Amino acid sequence: FPGSAPGAPRELRILLLEDNAPHAELVEFFLRESGLRFHLTRVETREDYVEQIQQHPPDMILLDYALPSFDGYAALAIAKEMVPDTPFIFVTGTLGEEVAIETLKSGATDYVLKSRLARLGPAVQRALRESADRRERQRAEDKLRRSLDQLRALTTYLQYVREEERTRIAREVHDELGQALTGLKLDMSWLATKVARSTQPVQDKVKTMVDHIDETIQTVRRIAPE
C-alpha cells in the first residue's frame, strides 16, 4: 500500500460515527483484540462525517444507528453516494429484527450489537474480504469488457479490410480484365476485316469468337459489383 514500509500492510482507515466516548473506546478495544491494525477516527456530526469521507476516504465505516441529530439511514445514504464500495457496519445498542433487515436491504454490510462486540472484529474482517472479492470481480469484469470491446473493434477492422480487398479485386477484374477483353475484341474485329470473304467458315468462326468475348465482358461487368 502507498506510504507503507515494504512488505508491511497499511493500517486500515476506520471511520466511527459515535456520540458516546466510552462506547467508542469499547469498539476500539474489541477491534484491537481481534488483531486488526487500524487508525480510527471518531466523529459525532453530519458535517464532520462528510468532511472525513471527502478528505480521508475510509476503508470501513462503523456507526451507531441512532444519534441525537443524525440517523443511521442518512449516514448510510451519504456513504453509498460518496464511497459506494466501502463496507458499512452498524454498531448499535438496540436494533430490532425488522430494522436490522431494512438496514441490510438499504446497503449496509452487517450490524453488530454493542452487547456482543466480541463479534465486531470478525464482522469487520469478513466485510473487508467480501469488499476485496467484489473489487476483484469488478476488475475481472472490466478486463473482460475491455477484451470484448477490443474483439469487436478487431472484427470491425477485419470486415473493413475484407471490404477493401473485395473492392480492390473488383476494380482489377473490371478494369484490367475488362480492358484486356475489349482489346482482344478489337483485335478479332480487325482480323475479320483481313480474312478473305471467300473463306466464310473463318469469317463465321471469328464472329462467334467476338460474340463470346462480348458475353465474357458482360459477365465481368456483372461479377465486379457483386
Side-chain angles (χ1 to χ4, degrees), residues 1-4 6-7 9-10 53-55 57-61 76-88 101-110 126-226:
F1 292 100
S4 302
R10 175 178 61 78
I53 291 178
Q54 288 176 333
Q55 298 185 3
D59 301 305
M60 169 68 64
I61 298 177
L76 176 58
I78 292 172
K80 296 303 289 183
E81 180 179 350
M82 298 179 65
V83 283
D85 296 327
T86 300
F88 192 100
I101 292 174
E102 284 302 315
T103 60
L104 296 178
K105 286 182 177 180
S106 299
T109 308
D110 203 348
R126 183 176 62 253
L128 291 171
R129 285 195 302 270
E130 291 175 354
S131 178
D133 289 343
R134 284 194 299 272
R135 288 195 299 271
E136 185 60 32
R137 285 196 300 272
Q138 186 62 50
R139 281 194 292 269
E141 290 173 1
D142 291 343
K143 185 176 180 180
L144 177 60
R145 191 176 300 110
R146 288 194 298 271
S147 297
L148 291 175
D149 289 342
Q150 291 172 351
L151 181 59
R152 280 193 288 267
L154 177 60
T155 301
T156 301
Y157 174 71
L158 290 177
Q159 182 65 25
Y160 167 78
V161 170
R162 203 156 40 230
E163 291 300 327
E164 285 292 303
E165 183 66 8
R166 287 173 177 169
T167 301
R168 183 186 65 79
I169 294 173
R171 188 178 300 113
E172 290 181 358
V173 168
H174 182 274
D175 295 346
E176 297 185 17
L177 185 56
Q179 289 176 9
L181 289 169
T182 301
L184 181 59
K185 177 184 176 181
L186 292 175
D187 289 342
M188 294 301 299
S189 298
W190 176 85
L191 181 60
T193 64
K194 300 302 180 181
V195 175
R197 294 186 179 278
S198 58
T199 55
Q200 189 63 40
V202 176
Q203 288 279 355
D204 293 342
K205 187 63 175 177
V206 170
K207 183 178 182 307
T208 300
M209 293 175 68
V210 170
D211 291 341
H212 284 324
I213 292 174
D214 278 335
E215 292 175 0
T216 305
I217 290 174
Q218 293 302 317
T219 300
V220 167
R221 290 175 178 173
R222 176 178 56 80
I223 291 176
E226 292 177 357

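Atoms considered below: every heavy atom in the structure, side chains included; atoms not considered: hydrogens, waters and symmetry mates. Keep in mind it's a predicted model, so treat the numbers as computed, not measured.
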Pairing of Arg146 and Asp142 as salt bridge, 4.0 angstrom limit:
no
Can you name the closest pair of heavy atoms from Thr109 and Pro87 and give their distance?
OG1-CA, 3.4 Å
Nearest 0.5 Å, please: how far is CG in Leu148 from CD in Glu141?
11.5 Å
Thinking salt bridges, do Asp149 and Arg152 make one under a 4.0 Å N-O criterion?
yes
So CG of Leu181 and CE of Met188: to nearest 0.5 Å the spacing works out to 12.5 Å
Just how far is it from atom CD1 of Ile217 to atom OG1 of Thr182, taken to the nearest 0.5 Å?
4.0 Å
Determine whether Arg137 and Asp133 make a side-chain contact, defined as any pair of heavy atoms from C-beta on separated by less than 4.5 Å.
yes
In this structure, are over 12 heavy atoms from other groups packed under 6.0 Å from Gln159 atom CD?
yes
Would you name the heavy atoms of Ala79 and Ile61 that are closest together and state the gap between them?
CB-CD1, 3.8 Å
Are side-chain heavy atoms of Leu128 and Met60 found at a separation under 4.5 Å?
yes
Could Arg168 and Glu165 be called an ion pair, given the rule that one side-chain N must be under 4.0 Å from one carboxylate O?
yes
Output the distance between atom OG1 (Thr219) and atom CG (Asp214), rounded to the nearest 0.5 Å.
10.5 Å
Exam field: side chain Ser131 to backbone Thr86, donor-acceptor pair closer than 3.5 Å:
no
Separation of His212 NE2 from Lys207 NZ (nearest 0.5 Å):
10.5 Å
Would you compute the distance between atom CZ of Arg145 and atom CD of Gln150 and round it to the nearest 0.5 angstrom?
13.0 Å
